[in-house]
Amino acid sequence: MSSAPTQKETWSGKRWWAIVLVILVAQLALVVWLGDYEPVRSAPADPAPLLKLSGNNAKEMLALADPTLFALPHREGFSGPAWLSVPSQEIQPFAWTEPPRF
């Protein structure tokens with residue numbers, strides 16, 4: 001055995017850059033190898049919905065499908081009479097009794 005002190009060898013800058021370059025090239029190769037080369041296709045358009053009225057009851061059916069029937073004041077809504085018949089109010093102006101001060 002020798003009693004000479006051992007020194008750790010450090011990597012040179014060229015060796016570090018070579019390792020970084022090898023890792024970068026390996027990642028790029030994986031991206032190219034696993035990549036998808038098919039062009040992007042747009043989805044086919046669905047046909048538009050058709051509105052068909054049903055005979056004599058068409059007005060009633062459309063009223064049932066009205067989304068504002070319960071949200072807005074409506075004559076056939078659950079609070080129609082309360083919203084659409086507003087009671088009259090008597091407004092009396094305030095009578096000022098004190099003379100103006102200048």
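As the structure is a prediction and not an experimental result, all values here were calculated from the model.
Its side chain within the 4.5 Å cluster rule, Trp96 clusters with Phe94 among the Ile, Leu, Val, Met, Phe, Trp and Tyr residues. Residue Leu30 belongs to a hydrophobic cluster whose other members are Trp33, Leu34, with links defined by side-chain heavy atoms closer than 4.5 Å.
Distance check, rounded to the nearest 0.5 Å: CG of Leu21 to CH2 of Trp16 gives 14.5 Å.
Sparse packing is recorded around CD of Gln89, with 12 or fewer heavy atoms of other residues, nucleotides or ligands lying under 6.0 Å away.
With Ile23 as reference, Ile19 is the one residue of Val20, Ile19, Val25 to meet the side chain to side chain contact (heavy atoms under 4.5 Å, CB included) rule.
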